[in-house]
Amino acid sequence: MKNIAVFASGSGTNAENIIRHFAGSDVARVALLLSNNPEAYALVRAERLGVPTAVFSRVEFGPGARVDELLAQYKIDYIVLAGFLWLVPSALTARYRGRIVNIHPALLPSYGGKGMYGMRVHEAVVAAGERESGITIHHVNEVYDSGDIIAQYRVAIEPTDTPDDVATKVHALEYRYFPTIIEQEIKKL
């Protein structure tokens, strides 16, 4: 049984979906949810589902700091970024090489990088007149949204779609595929 830590900065719908997916699993379980945002609703979602949570500052995210201690304490084998907005420190990406995944709400390499998250991505996709968007699940390295791509799933964009419409379509892909891909990747460990 592998232990997963989920990092989230916002509402936590993907985090909740992942927690529910692994509830009762013999492959892995979400052992901890970490957030850099004390107001993140992801913390409430995790607590309601019985998953321990912790909030940390930027200083506590550095090498040898509180986050490292928590990952060791909870014997974390695998890290999932689910709406987490900070760049992961290189010491952590090195230690968990190939064992940190992120989901991005577009088809990378397009519409990625620092500051490209959530509705900002969907607004950019619509403004560019794209005919499709989707999700990219990728390994995490020291550069935003540039790790090896594990999987991509696409959705058509209609000329009349608004950024909210695109967000709805992309969220459906996230909920459907992200937990399954995480499980497949963990089984390879």
Side-chain angles (χ1 to χ4, degrees), residues 1-105 114-118 135-148 150 174-175 177-189:
M1 172 78 71
K2 302 293 184 189
N3 289 324
I4 301 169
V6 175
F7 285 66
S9 297
S11 72
T13 55
N14 273 311
E16 180 175 345
N17 192 38
I18 293 162
I19 293 166
R20 289 185 184 283
H21 177 86
F22 286 101
S25 169
D26 60 354
V27 173
R29 69 184 183 101
V30 177
L32 179 64
L33 183 131
L34 294 158
S35 183
N36 59 325
N37 176 7
E39 302 299 317
Y41 197 70
L43 296 162
V44 174
R45 292 177 191 273
E47 288 168 0
R48 285 182 180 162
L49 294 169
V51 173
T53 64
V55 177
F56 61 93
S57 68
R58 196 167 294 276
V59 170
E60 293 171 317
F61 200 28
R66 183 163 181 248
V67 169
D68 283 348
E69 292 169 4
L70 288 165
L71 295 174
Q73 176 186 341
Y74 285 88
K75 298 177 175 55
I76 299 303
D77 302 296
Y78 201 81
I79 296 173
V80 175
L81 307 185
F84 183 69
L85 302 182
W86 286 359
L87 188 64
V88 178
S90 59
L92 191 56
T93 60
R95 188 166 65 253
Y96 282 89
R97 179 86 48 215
R99 296 183 293 137
I100 307 177
V101 296
N102 181 45
I103 189 164
H104 186 75
K114 185 174 183 172
M116 291 302 289
Y117 59 88
I135 61 170
T136 302
I137 301 166
H138 64 92
H139 288 114
V140 174
N141 62 18
E142 298 77 23
V143 180
Y144 282 111
D145 300 326
S146 67
D148 294 336
I150 300 167
E174 291 173 350
Y175 304 150
Y177 293 108
F178 198 23
T180 317
I181 294 298
I182 294 166
E183 184 170 347
Q184 289 174 9
E185 289 296 300
I186 290 174
K187 285 179 177 178
K188 294 177 186 177
L189 297 179

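Because the structure is predicted, anything quoted here is derived from the model rather than measured.
Residue pairs meeting the salt bridge (Lys or Arg N to Asp or Glu O under 4.0 Å) criterion with at least one member in residues 75-92: none, sequence neighbours excluded. Pairs passing the salt bridge (Lys or Arg N to Asp or Glu O under 4.0 Å) check and including a residue from residues 42-58, sequence neighbours excluded, read E16-R45. Residue pairs meeting the salt bridge (Lys or Arg N to Asp or Glu O under 4.0 Å) criterion with at least one member in residues 4-14, sequence neighbours excluded, do not occur.
Annotation: side-chain contact (heavy atoms from CB on, under 4.5 Å) contacts of Y96 (sequence neighbours excluded): L71, I76, I79, L92, R99, I100. Residues forming a salt bridge (Lys or Arg N to Asp or Glu O under 4.0 Å) with R29 (at least two apart in sequence, or on another chain): none. Take R95 and apply the salt bridge (Lys or Arg N to Asp or Glu O under 4.0 Å) test, not counting sequence neighbours, and it matches D68. With sequence neighbours left out, P63 forms a side-chain contact (heavy atoms from CB on, under 4.5 Å) with A91. By the side-chain contact (heavy atoms from CB on, under 4.5 Å) test, E60 is found to be paired with F56, S57, R66, residues two or more places apart in sequence or in another chain being considered. Listed by chain and residue number, R97 satisfy the salt bridge (Lys or Arg N to Asp or Glu O under 4.0 Å) test with E142 (two or more places apart in sequence, or in another chain). Partners of I150 under the side-chain contact (heavy atoms from CB on, under 4.5 Å) rule, at least two apart in sequence or in another chain, are V101, I137, H139, I181, E185. Judged as a ring-ring contact (aromatic ring centres under 6.0 Å, His included), and not counting sequence neighbours, Y78 has no contacts. The salt bridge (Lys or Arg N to Asp or Glu O under 4.0 Å) test applied to K114 returns no partner, not counting sequence neighbours.
Of all heavy-atom pairs spanning Y74 and A31, the tightest one is CD2-O, 3.5 Å.
Relative ring orientation between F61 and W86 is described as tilted, the plane-to-plane angle lying within the 30° to 60° band.
Interatomic distance, CD1 of I103 versus CZ of F178, reported as 5.0 Å (0.5 Å rounding).
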